[in-house]
Number of protein chains: 2
Amino acid sequence: MSPRTSPLAKGARSKHSGLQKSAPIFAALGDETRLRLIAVLCAGGALSIAQLTAGTDITRQAVTKHLQVLADAGLVHDIRQGRERLWEFEPTRLEEARRSLDTIAQQWDQALTRLKSMLEQ
Amino acid sequence: MSPRTSPLAKGARSKHSGLQKSAPIFAALGDETRLRLIAVLCAGGALSIAQLTAGTDITRQAVTKHLQVLADAGLVHDIRQGRERLWEFEPTRLEEARRSLDTIAQQWDQALTRLKSMLEQ
DNA sequence: GTTAAAGGCAACCAAATGGTTGCGTTATTG
DNA sequence: CAATAACGCAACCATTTGGTTGCCTTTAAC
């Protein structure tokens, strides 16, 4: 039997190298509170920390931390304005994440197509 | 001044309720190793734990744990076969995640459109 | 029927995460 | 200028996470 080549070997891995870059974006999206913040921000424009905290059951500090995580992932950015700090949604990185999921879905479809054509022979 | 209603209040939140459901999926995707596993699985069909471990610098146990996380999120499933346990990609939940990102992007576009039309008046 | 491969279980570990509280700073507002 | 609103900083905490090691079980191969 020919020794099965490992699918995760360096060579094979480099083909998918674009994907791993978006792991931090997904990680930032992988929290209910942060998803809620994103949803609110992308619907309502620039909001202050106090505004974003009102109506939640967590502390302002917790919200600040979540916003920082989102900012590190490039999903939001802040605008200093007087004694307030307004936060705004940033769509660029989200598009990256969308393209990543599209890539995966495409590869899956291709694999299915290949499998199908092999079965038809 | 009318008291600014909190954007995260229960009423406003229920409008976006579909989103929070996909937080666990994003969390599962939010790790480089797991993204790599997904990429390999969606390209190569069903693979065993040993195969998935070969070529990585982490332990078989670590891979097992990652696969379990992906399975909990519904992104992969396993097939017992003899002494092996084959893992396969499951596209359903990934589609959910895609739709979530689409929803966010849509809402952002709508917000921009509204803003634009307000500025034009 | 041994031997070796594939995997499961469980304990353990360090670091990251999600959250809190307390207190200090900056900027409005009256 | 005094009061207060909005925020920053830092310490602290429990839990989760990503990973390891050691050992046991199951299954295939010879």
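Computation of the quantities below employed the complete heavy-atom set of this structure, encompassing side-chain atoms and omitting hydrogens, waters and symmetry-equivalent molecules.
Per the geometry, CG belonging to A/Leu29 stands 16 Å off C1' belonging to C/dT17, to the nearest Å. As rounded to whole Å, 9 Å separates atom C1' of C/dG8 from atom CD1 of B/Ile49. The interatomic distance linking A/Arg83 (CZ) with D/dA5 (P) rounds to 8 Å, in whole Å. Between the CG atom of A/Leu52 and the P atom of D/dA5 there is a distance of 19 Å, given to the nearest Å. Whole-Å rounding puts the B/Leu47 CG to C/dA6 P distance at 13 Å. If you measure from atom CZ of B/Arg85 to atom C1' of C/dA5, you get 17 Å, rounded to the nearest angstrom. Between B/Gln51 atom CD and C/dG7 atom C1' there is a gap of 14 Å when expressed in whole angstrom units.
Taken from CD1 in A/Ile49 to CG in A/Leu86, the straight-line distance is 9.5 Å, to the nearest 0.5 Å.
B/Ala27 meets the side chain to side chain contact (heavy atoms under 4.5 Å, CB included) test with no other residue; sequence neighbours excluded. Under the side-chain hydrogen bond (donor to acceptor under 3.5 Å, both in side chains) criterion, A/Gln110 pairs with no residue, sequence neighbours left out.
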Original post:
Taking it one step at a time, do A/Glu95 and A/Arg98 satisfy salt bridge (charged side-chain N to carboxylate O under 4.0 Å, His left out)?
Top reply: CA-CA 5 Å; A/Glu95 288 303 322; A/Arg98 271 219 294 180; 3.1 Å; yes
**OP:** Could you go through the side-chain contact (heavy atoms from CB on, under 4.5 Å) check for A/Glu90 and A/Leu75 one step at a time?
**Re:** CA-CA 5 Å; A/Glu90 181 129 39; A/Leu75 289 166; 5.9 Å; no
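Counting only residues at least two apart or on different chains, the side-chain hydrogen bond (donor to acceptor under 3.5 Å, both in side chains) pairs with a member in residues 23-35 of chain A are A/Arg34-A/His66. Applying the salt bridge (Lys or Arg N to Asp or Glu O under 4.0 Å) test to pairs two or more places apart or on separate chains, those with a residue in residues 60-83 of chain B are B/Asp78-B/Arg85.
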Original post:
What one-letter contact string describes nucleotides 18-25 of chain C from 5' to 3', where B marks a base within less than 4.0 Å of any protein heavy atom, S marks contact via sugar-phosphate atoms alone, and - marks no contact?
Top reply: SBBBB---
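The backbone N or O of A/Ala62 sits nowhere less than 3.5 Å from a side-chain atom of A/Thr59 that would complete a donor-acceptor pair.
Residues from residues 70-81 of chain B placing a heavy atom under 4.0 Å of any atom in DNA chain D do not occur.
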